[in-house]
Amino acid sequence: MKRILVTGGAGFIGSNFVQYILEHQKDLVLLVNLDLLTYAGNLENLKAVEGDPRYRFVKGDIRDKSLVEGLFEEYDFDTVVHFAAESHVDRSILEPELFLTTNIVGTQTLLDAAKRHWKLSPDDKYSREYKPGVRYLQVSTDEVYGALGREGMFTETTPLAPNSPYSTSKASADMVVRAYHETYGLPVNITRCSNNYGPYQFPEKLIPLMIHNARTDKPLPVYGDGMQIRDWLHVKDHCAAIAAVLEKGAVGEVYNVGGNNEKANIEIVKLILKELGKPESLITHVKDRPGHDRRYAIDNTKITRELGWRPEYTFEDGIRETIRWYLENETWVERITSGAYQEYYEKMYR
Ligand code: NAD
Ligand code: TYD
């Protein structure tokens with residue numbers, strides 16, 4: 001991996017990944033971050049790498065075919081890591097169409113550009129030969145497998161059974177990636193990770209939202225009984241897993257990524273209140289999310305056995321460090337809640 005296109009690099013996981021790769025990938029020549037800067041994209045996450053000569057930012061839409069083709073022509077990428085997506089389940093319930101176009105059509109646009117640019121005989125429609133070492137990695141989610149009961153875990157062979165417009169759009173995108181591999185022989189991987197937590201997560205998601213509300217003594221809205229279970233993984237462990245797949249993953253394979261760390265939402269909320277020294281009376285049970293998945297749990301045997309990846313963070317350390325990060329970066333959160341972060345692009349890049 002020397003010339004890499006990262007999409008959605010101004011979002012939560014993408015911005016952690018950009019920093020991770022610039023720090024860890026010694027032979028990296030170029031990293032282009034293509035991001036539309038929707039409400040979820042925040043270039044302030046990447047202030048630390050702006051001056052790195054290997055880093056370029058491009059504001060644009062993954063659905064813009066000529067832009068994407070042009071970037072492949074200009075930069076000759078050998079690797080694509082595709083994070084860009086609409087990612088919030090609650091928003092997908094309100095705006096399913098946006099999720100389907102961004103997450104499915106956007107993925108197909110990138111796959112098509114990669115296929116065209118990487119194929120050794122572009123005019124031969126039956127050729128399955130590609131430039132050596134090229135790889136397209138689709139960052140997917142465990143939510144494509146649907147919900148679990150009390151028992152069992154998702155493996156890579158669990159049938160896809162998504163329940164929300166968000167997870168449906170991600171599952172559909174995974175199927176398009178699969179089709180480009182099966183039909184055209186494109187060298188791809190798919191990673192399906194569990195819920196991430198860590199720095200730079202938009203404060204609409206459970207952990208940063210609860211930290212922010214607890215800090216400002218606002219009610220903490222727990223959906224339904226709060227007994228829904230998620231399998232939490234620190235975002236840096238997710239970044240390391242993606243790097244391991246790029247380095248050692250077998251072509252065409254899917255890898256589940258998870259930290260064996262199941263927690264009920266209410267446990268997390270209580271832990272945040274305890275760490276902040278705030279009363280549990282701030283907890284407010286609100287109407288449940290429609291179609292709310294009860295439990296997710298990842299079986300990470302394949303990636304740990306085959307690629308030697310394992311999570312570095314314990315949840316206890318990771319969540320404390322994360323809470324501290326949000327408390328120490330109050331201005332970052334406040335610039336999001338006030339909308340001021342969206343002026344940063346105009347100031348720096350126009
Ligand atoms: P995020 O919402 O924080 O970031 C998404 C980024 O994509 C933003 O910077 C946004 O501006 C950009 N984007 C949106 N539409 C775009 C478009 N049309 N063109 C270009 N850029 C666009 O999301 P995240 O939490 O960082 O998730 C990143 C990826 O990881 C997603 O594909 C998501 O499905 C997947 N994932 C997330 C989690 C999680 O817990 N957050 C877990 C597993 C997988
Ligand atoms: P979220 O962070 O939105 O991630 P996902 O839906 O992709 O798992 O939500 C995590 C869990 O927390 C999920 O079960 C919904 C729940 N939740 C609440 O109870 N209250 C909230 O305000 C939010 C945002 C989420």
Side-chain angles (χ1 to χ4, degrees), residues 6-18 33-43 45-46 58-64 67-68 81-93 98-99 101-103 105-107 109-110 138-144 147 163-164 166-167 169-171 173-174 191-198 200-210 212-213 219-233 235 238 241-242 256-258 263-266 268-269 283-289 291-296 298 342 345:
V6 172
T7 68
F12 163 46
I13 307 174
S15 61
N16 277 282
F17 183 76
V18 166
N33 170 14
L34 171 62
D35 196 300
L36 186 56
L37 299 184
T38 67
Y39 80 94
N42 184 353
L43 278 184
N45 301 358
L46 291 165
V58 176
K59 182 171 188 236
D61 194 325
I62 50 167
R63 293 163 294 182
D64 182 340
L67 169 72
V68 172
V81 182
H82 177 33
F83 292 96
E86 289 293 337
S87 69
H88 189 37
V89 174
D90 292 327
R91 285 180 193 255
S92 81
I93 295 167
L98 174 63
F99 281 67
T101 60
T102 298
N103 297 358
V105 177
T107 296
T109 306
L110 289 164
Q138 177 79 2
V139 181
S140 187
T141 163
D142 60 354
E143 302 193 28
V144 298
N163 293 315
S164 71
Y166 163 65
S167 53
S169 67
K170 293 294 292 185
D174 285 9
T191 55
R192 296 191 179 130
C193 190
S194 57
N195 284 61
N196 284 210
Y197 69 96
Y200 305 113
Q201 188 166 29
F202 201 83
E204 64 183 349
K205 305 277 169 68
L206 180 76
I207 291 180
L209 177 83
M210 296 298 169
H212 178 63
N213 285 15
L220 274 55
V222 170
Y223 299 163
D225 62 5
M227 292 306 291
Q228 302 81 8
I229 289 171
R230 299 291 181 265
D231 182 354
W232 294 93
L233 182 75
V235 64
H238 187 187
I242 293 171
N256 282 354
V257 184
K263 300 271 181 247
N265 294 340
I266 193 75
I268 303 238
V269 170
I283 295 175
T284 313
H285 286 271
V286 297
K287 206 167 179 327
D288 208 351
R289 172 189 277 174
H292 198 170
D293 287 337
R294 196 69 183 165
R295 175 173 166 255
Y296 303 142
I298 281 276
Q342 285 174 318
Y345 173 74

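For ligands, and for the atoms within them, numbers begin at 1 and follow the listed sequence.
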What residue and heavy atom of the protein are closest to atom 4 (O) of ligand 2, and at what distance? N195 ND2, 3.4 Å
Would you say D35 has any N or O atom under 3.5 Å from an N or O of ligand 1, going by distance alone? yes
Return the closest protein heavy atom for atom 12 (O) of ligand 2 as residue, atom name and distance. N265 ND2, 3.3 Å
S167 (side chain) donor-acceptor with V144 (main chain) under 3.5 angstrom: no
Under 3.5 Å, N or O to N or O, is H292 touching ligand 2 that way? yes
Which residue and non-hydrogen atom of the protein lie closest to atom 7 (O) of ligand 2, and at what distance in Å? E143 OE2, 2.5 Å
Return yes or no for this condition: an N or O of L206 is under 3.5 Å from an N or O of ligand 2. yes
Contact atoms of ligand 2, heavy-atom distance to H88 under 4.0 Å: 3 (O)
Could you tell me the separation between the CD1 atom of I283 and the CG atom of N213, rounded to the nearest 0.5 Å? 12.0 Å
Closest approach of any protein heavy atom to atom 20 (N) of ligand 2, naming residue and atom: P221 O, 2.8 Å
For atom 3 (O) of ligand 1, grab the closest protein heavy atom and report residue, atom and distance to one decimal in Å. F12 N, 3.0 Å
Check this for me: does any side-chain nitrogen of one of D142 and K170 sit under 4.0 Å from a carboxylate oxygen of the other? no
Under the side-chain contact (heavy atoms from CB on, under 4.5 Å) criterion, do W232 and I207 qualify, and how do the steps go? CA-CA 10 Å; W232 294 93; I207 291 180; 3.8 Å; yes
Considering heavy atoms of the protein only, find what lies nearest to atom 29 (C) of ligand 1 and give residue, atom and distance to 0.1 Å. F83 O, 3.2 Å
Checking E86 against Y166: is there a side-chain donor and acceptor pair closer than 3.5 Å? no
What do we get for V286 next to ligand 2 when only non-hydrogen atoms under 4.0 Å count, side chain, backbone, both or neither? neither
Any side-chain to backbone donor/acceptor pair from T7 onto A84? Under 3.5 Å, distance only. yes
If you measure every N or O of E204 against every N or O of ligand 2, does any of those distances drop under 3.5 Å? no
Does at least one non-hydrogen atom of G9 fall below 4.0 angstrom from an atom of ligand 1? no
Any N or O on V89 sitting closer than 3.5 Å to an N or O of ligand 2? no
Heavy-atom distances under 4.0 Å decide this one: backbone, side chain, both or neither, for L37 against ligand 1? backbone
Tell me if a side-chain donor or acceptor on D231 pairs with a main-chain N or O of G258 at a distance below 3.5 Å. no
Looking at F202, Y197, Y296, Y223, the heavy atom closest to atom 25 (C) of ligand 2 belongs to Y223
Within-shell test, Y166 vs ligand 1, heavy atom, strictly < 4.0 Å: yes
Is it the case that ligand 1 has an N or O less than 3.5 angstrom from some N or O of D61? yes
Side chain, backbone, both or neither: T102 near ligand 1, heavy atoms under 4.0 Å: side chain
Can you tell me which portion of R63 lies within the under-4.0 Å heavy-atom range of ligand 1? Options are side chain, backbone, both, or neither. side chain
Establish, yes or no, whether the cationic atom of R91 lies under 6.0 Å from the six-membered ring centre of Y39 and within 45° of the ring axis. yes
Between Y345 and K59, is there a cation-pi geometry (under 6.0 Å to ring centre, at most 45° from the normal)? yes
Counting from 1 in the order shown, the ligand 2 atoms closer than 4.0 Å to a non-hydrogen atom of L209 are 22 (O)
Which is it for H82 and ligand 1 at heavy atoms under 4.0 Å: side chain, backbone, both or neither? neither
Are any of the heavy atoms in S194 under 4.0 Å away from ligand 1? yes
Taking both backbone and side-chain atoms of Y39, is any N or O found less than 3.5 Å from an N or O belonging to ligand 1? no
Please confirm whether R289 comes within less than 3.5 Å of ligand 2 when only nitrogen or oxygen atoms on both sides are compared. yes
Just distances here: any N/O of K205 and N/O of ligand 2 closer than 3.5 Å? no
Can you name the atoms of ligand 2, numbered from 1 with element, that are less than 4.0 Å from a heavy atom of V222? 19 (O)
